[in-house]
2 protein chains.
Amino acid sequence: MATRSTTSWTDGDDGRPNHDSDGKGVNQDPGRSGDSARRLVEAAVEAFAERGFHATTTRDIATRVGLSPAALYVHFPSKQALLAEISIVGHEAALDLIERSVDQPGTALSRLQAVIRAFTAWHAERHRVARVVQHELEALAEPDKRRVLEIRRRIEGAVEAQLSAGNASGEMDVPDTRAVARALLSLSVDVARWYDPRGSRSAAQIGELYADLATRMVTVRD
Amino acid sequence: MATRSTTSWTDGDDGRPNHDSDGKGVNQDPGRSGDSARRLVEAAVEAFAERGFHATTTRDIATRVGLSPAALYVHFPSKQALLAEISIVGHEAALDLIERSVDQPGTALSRLQAVIRAFTAWHAERHRVARVVQHELEALAEPDKRRVLEIRRRIEGAVEAQLSAGNASGEMDVPDTRAVARALLSLSVDVARWYDPRGSRSAAQIGELYADLATRMVTVRD
DNA sequence: GTCTATATAGAGATAGAC
DNA sequence: GTCTATCTCTATATAGAC
């Protein structure tokens, strides 16, 4: 089982280590800074996102960090544990994002917009982590899989609740809240599959566009 | 390289063989009917969809069909070739679907609705093939990958063309046709990831819902 | 075209020195 | 905590009989 004591790898842009994240002064050699456990997770995120969990070798992960294949097992008991660490922390980050958006003041519509904006931008900005989170569910082992599925249910529930609230207030016109909630999340989630940071639209812009599309999908017409 | 001479496996519901597809009379034992090549493809679709290309063993595929591991190599030169067969035929089927919808008479909006309806329903109805088509791109080898990417460009182009036409005719109000075309396809495609035939909504119903959501997304308001 | 048997390679993981 | 060396298992693919 992974430690999950350090969740700092969820910060930063997609696996690149933050400068000075340990508060010990300027890093002379950013490529070799930070503790090995964190850097192994970062390397695993990159590798799993690029090639998938099963196509990635422990050797590949260790080599990316500049360690021998055996060094990985000092920090993680197995390749599976590395995946579990990534998937669980990633899911928790996504849920946290949703819940913070939902807790904000405003109308059901403005909260839904905030959710879609943030959730979509996260799936673009952190597309490597998000790809692992969304595409390697099947590779998870119990009891991690169960834990992750529960988080996913809460995410869907939070979105559906906004649609129901919007229907009740008259702002929205959503006949099938369950199916539309799933569609909205599906739309955001799939950004992680195709997003390329070299593209012409930023993560924030895509979040903005998707919040607008969501608004059109759920609001009353004429 | 795979033969691609028989594309009959794209018919039927998700890998279950058609009765009497060879015109030789009633099959006494449907589970063991049909030629081995086709049944291997069907088994590979199931396995790749469930567990992914890399997590699937040739042994697993052959066993599902009731053959020895070695028998697979009589019909396909490699596991890669099996994937290529599935991916290419699947992509061609999806493109065909789009082009047939686009060629129909009507307005840009009605054609877009037809595209989304058909494309979405296909990703639900044939979710196993679609999952392989959409999630195993990275596992493809050249030159198959190049060929498939070209098909994907044509699909995106066809949808974007409808949005541009709709803007021109005044039916639609789509500021960023490129991004919205990608979003619409992304929405449809992702159905293959989560669709479960045991769910309460049929493939056709989801297609209908998504055509409606698409309409709301692109049409002029007020 | 199918089988049994096997070659070959590469994977995940461990042992034990430093 | 990291290394080198290696164990063990399993995967893809082939050989050759039937």
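Throughout, protein chains are lettered first and strands after them, A, B, ... in sequence-line order, and every chain is numbered starting at 1.
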**Asked** Is E42(B) salt-bridged to R64(B), cutoff N-O under 4.0 Å?
**Response** no
**Message:** As an exercise, state the distance from CD1 of I116(A) to CG of D212(A), rounded to the nearest 0.5 Å.
**Reply:** 12.0 Å
**Prompt:** Given dG1(D), dT2(C), dT4(D), which nucleotide is nearest the side-chain atoms of S68(A)?
**Reply:** dT4(D)
**Request:** Using side chain to side chain donor-acceptor pair (under 3.5 Å) as the criterion, list what pairs up with D103(B), not counting sequence neighbours.
**Result:** none
Sub-3.5 Å pairs of nitrogen or oxygen atoms, protein against nucleotides 11-15 of chain D:
from: dT12(D); atom 1: OP1; to: T56(B); atom 2: O; distance (Å): 3.2
from: dT12(D); atom 1: OP1; to: T58(B); atom 2: N; distance (Å): 3.2
from: dT12(D); atom 1: OP1; to: K79(B); atom 2: NZ; distance (Å): 3.1
from: dT12(D); atom 1: OP2; to: T58(B); atom 2: N; distance (Å): 2.8
from: dT12(D); atom 1: OP2; to: T58(B); atom 2: OG1; distance (Å): 2.9
from: dA13(D); atom 1: OP2; to: Y73(B); atom 2: OH; distance (Å): 2.9
from: dA13(D); atom 1: OP2; to: K79(B); atom 2: N; distance (Å): 3.1

**Request:** Using the test salt bridge (charged side-chain N to carboxylate O under 4.0 Å, His left out), find all partners of R182(A) that sit at least two apart in sequence or belong to another chain.
**Result:** E156(A)
**Phosphate contact (dG1(D) OP1 or OP2) by S36(A) side-chain N/O below 4.0 Å** = no
**Message:** Under 4.0 Å, heavy atoms only, any strand: does L67(A) hit a base, just the sugar-phosphate, or nothing?
**Reply:** sugar-phosphate
**Complete:** dist W194(B):CH2 -> D190(A):CG (nearest 0.5 Å) comes out at 12.0 Å
**Prompt:** How close or far is atom P of dG12(C) from atom CG of D60(A), stated in whole angstroms?
**Reply:** 9 Å
**Request:** Can you tell me the distance, in whole Å, between the CG atom of L83(A) and the P atom of dA13(C)?
**Result:** 12 Å
**Asked** Atom CZ of R152(B) and atom CD of Q134(B): how far apart are they, to the nearest 0.5 Å?
**Response** 4.5 Å
